[in-house]
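In what follows, a single structure is set out as structure tokens and then discussed.
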Amino acid sequence: MNTPGTGSEQARGASAVGTRAGDRAGTPGERAGGEARDVSAAGPPRGTVRSRGAGGAGAPRYAPAWLRLREAADAAARARELLGPLRNRPAGRADGRLVVHDLGCGTGSMGRWLAPRLAGAQHWILHDRDPRLLRRAAETAPRAAADGGRVTVETRRGDIARLTTEALTGAWLVTASALLDVLTRAEVETLADACAGAGCPALLTLSVAGRVDLTPADPLDTAITEAFNAHQRRAGLLGPDAVSVAREAFAERGATVRPHPSPWRLGPEEAALTGQWLRGWVGAAVEQRPELRGPAERYLTARLAACAAGALRVTVHHTDLLALPRPTGGPA
């Protein structure tokens, strides 16, 4: 999530607790009627506050402060193992530039992580509904690739749920962070259609997996996890089911799909992030199951105390996914 908001937002960031790769947050109110469609990944809100309403259907709203807080954890979690197949792909453009579309870019953390890991001149097209986040992402975008090649940026404000093949013409890669779990099945299928039509790969990172490991364990861990996962599935959002739905959607369109774990591993050095994540995670669980409020308040107090003392470790499980299109001229 962008900013720590209510429990539901923060929780979403955590699980996705982390959704858009790293830059979202919001409050339940924002999720109910926000305007910016930014998706990030794993945070205590889940990394995002998903706002739907005034700003357009399915528009998540994330707080820049939350996105900044989670950026280092997101960067450490993303699966570098999935970059190998991408590095071997030709540019596909006469000028040799790699054109990358970053969906729900938030503050631009995905570009800051990925652009310096790819060789060759690059042109990043940043998509988001929030003009503030688009400005921030463009201002902080990397200017050089791994080999010193020039990196340029443009921004596009709009609803990624309506992405078309035409919008991806000439794309070398579509990427997103903490995005899939805040989409519906129809929105994932629209994304898969657009990528298949354009013949470009998709690197979709930090999708919540629905599992959280806390050490030391507590008897309430399971109930909080289950309530949080149910909260993520509200209103038709995919939440923990996002990766399986995306794998199926891309595979049905001929892509080779490679998933890879990308967990947040939070210890004493990440206490600030863990604390915000806990508040959002527990808050979303209570919003889903109000009868948990009393036990959950005591649970949260104890967990925050352990976090402050450096005695709590948390693993928030996410999954990265790389979808490689069928080679041109390949079998149907």
Side-chain angles (χ1 to χ4, degrees), residues 20-22 39 41 74 77-105 108-127 142 145-146 149 151 153 156 160 163-181 183 187-207 242-262 318-332:
R20 218 202 135 36
V39 253
D74 288 347
R78 291 192 186 97
R80 301 186 186 191
E81 293 84 350
L82 296 180
L83 300 185
L86 292 177
R87 293 187 175 115
N88 296 327
R89 292 181 62 84
R93 280 176 54 114
D95 62 7
R97 288 193 303 171
L98 310 180
V99 178
V100 182
H101 288 255
D102 186 4
L103 309 182
C105 66
S109 67
M110 186 66 175
R112 288 189 290 275
W113 180 80
L114 183 57
R117 289 177 167 80
L118 298 175
Q122 302 167 38
H123 182 66
W124 281 68
I125 301 174
L126 310 179
H127 299 253
V151 176
V153 174
R156 292 184 186 176
I160 58 176
L163 193 69
T164 64
T165 294
E166 292 70 26
L168 298 181
T169 299
W172 180 78
L173 175 68
V174 167
T175 190
S177 184
L179 172 65
L180 287 179
D181 38 288
L183 299 181
E187 290 170 345
V188 168
E189 291 178 347
T190 294
L191 172 60
D193 279 337
C195 291
C200 66
L203 177 62
L204 307 168
T205 70
L206 295 172
S207 295
V243 170
S244 61
V245 169
R247 290 181 67 175
E248 176 183 327
F250 279 92
E252 286 178 347
R253 289 155 178 82
T256 298
V257 184
R258 304 183 183 185
H260 198 286
S262 54
H318 305 98
T319 302
D320 289 2
L321 180 150
L322 175 64
L324 297 168
R326 179 191 297 120
T328 302

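For clarity, every value in this text was computed on a predicted model and none was experimentally measured. Heavy-atom basis, side chains included; hydrogens, waters and symmetry copies ignored.
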Looking at Arg258, I want to see if its CZ is surrounded by more than 12 non-hydrogen atoms of other residues, nucleotides or ligands under 6.0 Å.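 No.
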[X] and [Y]: which non-hydrogen atoms are nearest, and at how many Å?
X      : Y      : result
Thr175 : Leu204 : C-CD2, 4.5 Å
Ala246 : Leu180 : CB-CD1, 3.8 Å
Pro116 : Gly111 : CD-O, 3.7 Å
Ala145 : Val151 : N-CG2, 3.6 Å
Ser262 : Leu206 : O-CD2, 3.7 Å
Thr319 : Pro259 : CG2-CB, 4.0 Å

Rounded at 0.5 Å granularity, tell me how far [atom1] in [X] sits from [atom2] in [Y].
X      : Y      : atom1 : atom2 : value
Arg156 : Leu163 : CZ    : CG    : 9.5 Å
Gln122 : Trp172 : CD    : CH2   : 7.5 Å
Arg117 : Leu86  : CZ    : CG    : 13.5 Å
Leu321 : Ser244 : CG    : OG    : 10.5 Å
Leu179 : Leu191 : CG    : CG    : 7.0 Å

Hey, are the side chains of [X] and [Y] touching, using non-hydrogen atoms and a 4.5 Å cut-off?
X      : Y      : answer
Leu203 : Met110 : yes
Arg112 : Pro142 : yes
Pro325 : Pro201 : yes
Leu173 : His101 : no
Thr165 : Thr169 : no

Kindly determine whether Asp74 and Trp113 satisfy side-chain contact (heavy atoms from CB on, under 4.5 Å), including the steps that lead there. CA-CA 9 Å; Asp74 288 347; Trp113 180 80; over 6 Å; no
Step by step, would you call Leu114 with Arg78 a side-chain contact (heavy atoms from CB on, under 4.5 Å)? CA-CA 10 Å; Leu114 183 57; Arg78 291 192 186 97; over 6 Å; no
Indicate whether the side chain of Thr205 and that of Asp320 have a donor and an acceptor atom separated by less than 3.5 Å.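 No pair is found: no donor N or O on one side chain lies under 3.5 Å from an acceptor on the other.
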Chi angles and distances behind the side-chain contact (heavy atoms from CB on, under 4.5 Å) call for Phe250, Asp193: CA-CA 8 Å; Phe250 279 92; Asp193 279 337; over 6 Å; no
Using atom types as modelled and distance alone, determine if a side-chain donor or acceptor of Arg247 lies under 3.5 Å from a backbone N or O of Ala323.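 Between the backbone of Ala323 and the side chain of Arg247 there is no qualifying donor-acceptor contact (under 3.5 Å).
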Does Ala249 offer a backbone N or O that forms a donor-acceptor pair with the side chain of Arg253 under 3.5 Å?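 It does hold such a pair.
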Walk me through whether Val174 and Val100 qualify under side-chain contact (heavy atoms from CB on, under 4.5 Å). CA-CA 6 Å; Val174 167; Val100 182; over 6 Å; no
